[in-house]
Trainee: 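One structure is given below, represented as structure tokens, and several questions about it will come after.
What you see below is based on every heavy atom in this structure, not just the backbone, and it leaves out hydrogens, waters and symmetry mates. Quick note on labels: first sequence line is chain A, next is B, and so on, each numbered from 1.
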Amino acid sequence: MSTIQLSLPGGSPQSFPKGISAKEALEKLAKPVRSDVFAIKVNGIEKDLMGPVDTDGILEPLTFETSEGKEVYRHSSTHIMAQAVKECFPTAQLTIGPAIDEGFFYDFAFERPFTPEDLEKIEAKALEIIQRNLSVSRRELSKEEAIEFFKHRGESYKVELIQGFPEGEPISVYAQGDFVDLCRGPHVPSTGYVKAFKLLNSAGAYWRGDERNPMLQRIYGTSFPSEKELNAHLHKLEEIKRRDHRKLGKELDLFSIQDETGPGLILWHPKGSLIRLVIENFWREQHVAHGYELVYSPHVARLDLWKTSGHVEFYKENMFTPMPVEASEYQLKPMNCPFHIMIYKSHLRSYRDLPLRFGELGTVYRYERSGVLHGLMRVRGFTQDDAHLFCAPEQLAGEVRKVLKFVTFILETFGFTEFHMFLSTRPEKAVGSVEQWDQATQALESALKEGGYPYQEDPGEGVFYGPKIDVKIKDALGRSWQCSTVQIDFNNPQRFGLTYIGEDGKTHQPIMIHRALLGSIERFFGILVENYAGAFPMWLAPVQAKVLPISDKHHDYATQIEKSLRQRGIRVERDLRNEKIGLKIREAEKAKIPIMVVVGDREAETKTVSVRQRNGKNLGTKTVTELMKLILDEIPETVKKEAVFFE
RNA sequence: GCUGGCGUAGCUCAAUCGGCAGAGCAGCGGUUUUGUAAACCGCAGGUCGGAGGUUCGAUUCCUCUCGCCAGCUCCA
């Protein structure tokens, strides 16, 4: 019998008989083997723990702590769910069921949607299957055998999947009890390895994601190695619900979307508008300080403009229907770029003028299918914090570098400190030469590298007119949101015939950069609401302090305090209602006002105030000067007045 | 757009297996003059999302329609 050499990462190799199970080998190499190991990587390839090892190699045990391990665990979990569905509803057909970020799903072809009662039944059955601790085994079949096997079982979707597989390669199936599923694997050794299991919800999903295909019934679930971790996850889901900007937007009276107005169209109420105003003021000041020129453009324009820009050709499905005006047609703008281009074109430009940076908080309207609208996150009318930079090719990398620095500065001010950058390269359907793409992609890459930003490449995810960098931020709950985007465009300069006169006296074509930092003001605002759970930091809080007199004897003093704070530019309100202090505090607390200023006899006599924070902390007695300092100190320097400038 | 669920007072939610629709909070009027998350009493408030249909009678059953929610797809 031949032997093989196996080792742990960084460990010394030992000899084993060829075909030994990974588990046995591991038991000899690592003492003791952790009980939560349920799969293995052999030379970097994920394998079953019970499977044979045939080659020399390094064994890396997999647990739930690794992302690969998590995937295996959830994948096994979804098989358990699928088995439960088949046991409860034998006529349901299997389709696909992958692990996803925080759990798993499985799509079934079934004659009707699953009800919440069905889910309970399925979950109970799944727990029973876990109890049974069925061992999970792998088998390989030829393509023909596999087709025959699943045909026999009435699994026509599986047959369709297998028919799409390459010829000649063996096809693996996994079995646990009577349940057999087509699967690449690996899986946990037995169903009992899944400890905490929960089904979450069900909804329709198209076969292969195509709406022309039949609708399947998708069930979502999640699983963890312990009840404790599962509960923590369920709490997080509750927290997400609690922070939902649609709910908080109503409670805090920030905005509304009304049927009579139209879906996807936002009405900004005074408190929400105030926050927006603070955001926009900050944005404008910083743009001016960073060498941008602010512009304004109309909401509609001749359809011809959108033909020139290529939007009619490439973006039609997202545009509102054009409207006839006199002899021509006008289009509600889905983007701002053509206007900024027209401003560029209004003069003959010299290389000395470049780079030109036109910025605008430009409101655009896009037709979105009704089913995709979602609060402030996905709407039909929104304001982009847009800018278009026109530069010479050699300035490209430098401009991108500056934009990235600007992006992180702005987002950090809003309290986001974790960024993930993505570089998207040439898609299949693209304009421009491969050389142009390479050059632009290199400019983006070098800006990322020079800035020291780690990034991930998204091959083929660029826009048709050029490569781009997307920046995603992480919020307080660890969710990521894409806000900023920096896109290079060599298409539009060409379409619009943009030029500048170079040092050589000849005509050259500038390169355009489209960029947004916050993305959409509506969406970014929604993200802020959820990130802060409605408790905005001092500089954004629509009401920064509320003066609460104990009784109407103290109204004059309260009014006086209010006036002093207002004079220092603090956004302050007072509550002169004939109510007890407890109620006034409760309501100020619910409105998430950062500072409550309680004034009664004691304060009026000593010319002081009693200060309470919205977190319930009582800061005790302060002078008005101390109170003002307290509030103003909480406002970041960069948003106070002067903008910080950096190169 | 598609599949499923939902739509009752400003808000959060009851009820009616077809028979004049109910509570808390908010609002208004009064009493109370209050010390760090809800004082008390009273009043008012709804063509039950909209349009048709079935019925002696529809908020309830049926059809269509609008909107919302969860997904699919798409995306700032």
Side-chain angles (χ1 to χ4, degrees), chain A residues 105 107 110 112-116 200-220 241 244 246-247 250-251 253 256-264 315 317-318 334-336 362-364 366-386 463 470 481-485 487 514-527 548-555 577-591 596-603 610-621:
Chain A
F105 68 77
D107 286 346
F110 192 48
R112 62 171 176 83
F114 293 112
T115 64
L200 298 170
N201 58 318
S202 64
Y206 299 102
W207 169 236
R208 298 191 154 163
D210 190 326
E211 65 192 38
R212 289 165 303 191
N213 286 339
M215 174 77 62
L216 306 173
Q217 302 306 327
R218 174 171 297 181
I219 303 179
Y220 286 90
K241 243 189 223 166
D244 191 315
R246 293 168 299 185
K247 187 169 132 84
K250 200 181 272 178
E251 284 171 12
D253 197 14
S256 64
I257 303 167
Q258 297 176 35
D259 199 2
E260 291 86 336
T261 318
Y315 207 68
E317 66 279 13
N318 277 299
M335 292 194 190
N336 302 303
T363 304
V364 297
R366 298 184 183 175
Y367 170 72
E368 298 285 355
R369 298 162 94 188
S370 56
V372 306
L373 301 173
H374 180 90
L376 296 173
M377 302 302 189
R378 192 79 183 276
V379 295
R380 285 188 176 151
F382 62 99
T383 302
Q384 288 184 306
D385 68 316
D386 212 357
V463 198
D470 288 331
W481 300 97
Q482 196 221 302
C483 294
S484 320
T485 181
Q487 309 179 345
H514 304 244
R515 51 109 282 200
L517 309 183
L518 311 177
S520 129
I521 301 288
E522 284 73 6
R523 188 176 131 92
F524 187 73
F525 178 66
I527 294 168
L548 312 175
I550 298 286
S551 81
D552 53 14
K553 280 188 295 184
H554 316 111
H555 283 186
R577 291 174 308 164
N578 175 14
E579 293 291 352
K580 294 176 86 163
I581 193 68
L583 184 89
K584 293 181 183 180
I585 285 173
R586 178 182 153 82
E587 294 191 353
E589 194 83 54
K590 288 212 307 189
M596 283 154 256
V597 183
V598 178
V599 292
D601 286 336
R602 294 201 293 270
E603 290 78 12
S610 174
V611 182
R612 185 190 203 275
Q613 290 182 160
R614 74 181 149 201
N615 58 15
K617 200 170 159 197
N618 197 334
L619 300 183
T621 308

Trainee: Record whether the side chain of A:R218 comes under 3.5 Å of the base of B:rC72 through a donor-acceptor pair of N or O atoms.
Mentor: no

Trainee: Pick the C1' atom in B:rA14 and in B:rG22, then give their distance to the nearest Å.
Mentor: 7 Å

Trainee: Calculate the interatomic distance between A:K584 atom NZ and B:rA39 atom C1'; express it in whole Å.
Mentor: 13 Å

Trainee: Taking the P atom of each, how far is B:rU47 from B:rA21, in whole Å?
Mentor: 12 Å

Trainee: Output the rounded distance in Å from CG (A:L376) to P (B:rC69).
Mentor: 11 Å

Trainee: Please confirm whether any donor atom in the side chain of A:R523 sits under 3.5 Å from an acceptor in the base of B:rA76, or the reverse.
Mentor: no

Trainee: Please tell me if A:K580 has a side-chain N or O lying less than 4.0 Å from either OP1 or OP2 of B:rA37.
Mentor: no

Trainee: Check whether A:S202 reaches the backbone of A:I219 with its side chain - one donor and one acceptor, N or O, closer than 3.5 Å.
Mentor: no

Trainee: How would you label the contact of A:V379 with the nucleic acid (heavy atoms, under 4.0 Å): base, sugar-phosphate, or nothing?
Mentor: base

Trainee: Using only atom types and a distance under 3.5 Å, with no angle test, would you say the side chain of A:R523 pairs donor to acceptor with the backbone of A:V379?
Mentor: no

Trainee: What is the separation between atom NZ on A:K590 and atom C1' on B:rU36, rounded to the nearest whole Å?
Mentor: 16 Å

Trainee: Let's see if you can work this out: which of B:rA76, B:rG1, B:rU36 has an atom nearest to the side-chain heavy atoms of A:N618?
Mentor: B:rU36

Trainee: Across all strands shown, which nucleotide pairs with B:rU3 by Watson-Crick or G-U wobble geometry, both distances under 3.5 Å?
Mentor: B:rA70

Trainee: Does A:T485 reach a base, just sugar-phosphate, or nothing at all? Heavy atoms under 4.0 Å.
Mentor: nothing

Trainee: For B:rU55, give the paired nucleotide (Watson-Crick: N1-N3 plus N6-O4 or O6-N4; G-U: N1-O2 and O6-N3; both under 3.5 Å), or none.
Mentor: none

Trainee: Is a side-chain N or O of A:R515 found less than 3.5 angstrom from the main chain of A:D385, in a donor-acceptor match?
Mentor: yes

Trainee: Ignoring backbone atoms, test whether A:H374 places a side-chain nitrogen or oxygen under 4.0 Å from the OP1 or OP2 oxygen of B:rA70.
Mentor: yes

Trainee: Measure from the side-chain heavy atoms of A:L583 and tell me the nearest of B:rA38, B:rG1, B:rU3.
Mentor: B:rA38

Trainee: Atom CZ of A:R369 to atom C1' of B:rG71: distance rounded to whole Å?
Mentor: 13 Å

Trainee: Test salt bridge (Lys or Arg N to Asp or Glu O under 4.0 Å) on A:D210 and A:R208 and set out the steps.
Mentor: CA-CA 6 Å; A:D210 190 326; A:R208 298 191 154 163; over 6 Å; no

Trainee: How is A:R380 classified with respect to the nucleic acid when contacts are heavy atoms under 4.0 Å: base, sugar-phosphate, or nothing?
Mentor: nothing

Trainee: Among B:rA70, B:rU33, B:rA76, which nucleotide has an atom closest to any side-chain atom of A:F382?
Mentor: B:rA76

Trainee: If I pick the C1' atom on B:rG46 and the same atom on B:rU59, what distance separates them, to the nearest angstrom?
Mentor: 11 Å

Trainee: Start with the C-alpha gap between A:R577 and A:E587, add the side-chain angles, then the distance that decides, and say whether salt bridge (Lys or Arg N to Asp or Glu O under 4.0 Å) holds.
Mentor: CA-CA 12 Å; A:R577 291 174 308 164; A:E587 294 191 353; 2.8 Å; yes

Trainee: Does any N or O donor sit under 3.5 Å from an N or O acceptor when you compare the side chain of A:E368 with the base of B:rG1?
Mentor: no

Trainee: Has A:R112 got more than 12 heavy atoms of other residues, nucleotides or ligands less than 6.0 Å from its CZ?
Mentor: yes

Trainee: Rounding to the closest angstrom, what is the interatomic distance between B:rG45 and B:rG24 at atom C1'?
Mentor: 14 Å

Trainee: Hey, is A:Y220 doing a stacking thing with B:rG71, by the 5.5 Å centroid and 30° angle criteria?
Mentor: no

Trainee: Please classify the nucleic acid contact of A:E603 as base, sugar-phosphate, or nothing, using heavy-atom distances under 4.0 Å.
Mentor: base

Trainee: So A:R602, base contact, sugar-phosphate only, or nothing? Heavy-atom distance under 4.0 Å.
Mentor: base

Trainee: B:rU54 and B:rC66: how far apart are their C1' atoms, nearest whole angstrom?
Mentor: 23 Å

Trainee: Would you measure the distance from the C1' atom in B:rC11 across to the matching atom in B:rA70 and give it in whole Å?
Mentor: 23 Å

Trainee: Say you pick atom P in B:rC28 and the same atom in B:rC48; how far apart are they, in whole Å?
Mentor: 26 Å

Trainee: Could you please name the partner base of B:rC25, counting Watson-Crick and G-U wobble pairs only when both distances are under 3.5 Å?
Mentor: B:rG10

Trainee: Looking at B:rA38, which nucleotide sits across from it as a Watson-Crick or G-U wobble partner, both distances under 3.5 angstrom, or is there none?
Mentor: none

Trainee: In terms of side-chain heavy atoms of A:V598, which of B:rC11, B:rG1, B:rU36 is nearest?
Mentor: B:rU36

Trainee: Assign A:I581 to base, sugar-phosphate, or nothing according to its heavy-atom contacts below 4.0 angstrom with the strands shown.
Mentor: sugar-phosphate

Trainee: Of all the nucleotides listed (B:rC75, B:rU12, B:rG1), which has the minimum atom distance to the side chain of A:E211?
Mentor: B:rG1

Trainee: Regarding A:K250, tell me which of base, sugar-phosphate or nothing describes its non-hydrogen contacts under 4.0 Å with the strands shown.
Mentor: sugar-phosphate

Trainee: Quick one: does A:S256's side chain have a donor or acceptor within less than 3.5 Å of a partner on A:Q258's backbone?
Mentor: no

Trainee: Identify, between A:R208 and A:Q482, the residue whose nearest nucleotide on RNA chain B lies closer to the 5' end.
Mentor: A:R208

Trainee: If I take atom CZ in residue A:R366 and atom P in nucleotide B:rA76, what distance separates them, rounded to the nearest angstrom?
Mentor: 7 Å

Trainee: Reading RNA chain B from 5' onward, which residue's closest nucleotide shows up sooner: A:G375 or A:G519?
Mentor: A:G375

Trainee: If pairing requires Watson-Crick or G-U wobble contacts with both distances under 3.5 Å, which nucleotide is the partner of B:rG45?
Mentor: none

Trainee: Are OP1 or OP2 of B:rG35 and a side-chain N or O of A:R612 less than 4.0 angstrom apart?
Mentor: no

Trainee: Is the shortest side-chain N/O distance from A:R586 to OP1 or OP2 of B:rC25 below 4.0 Å?
Mentor: no

Trainee: Picking from B:rG1, B:rU33, B:rA26, which would you name as closest to the side chain of A:D552?
Mentor: B:rU33

Trainee: Could you check how far CH2 of A:W481 sits from P of B:rC75, rounded to whole Å?
Mentor: 17 Å

Trainee: When we call it a touch if two heavy atoms are under 4.0 Å apart, what does A:G371 touch: a base, just sugar-phosphate, or nothing?
Mentor: base

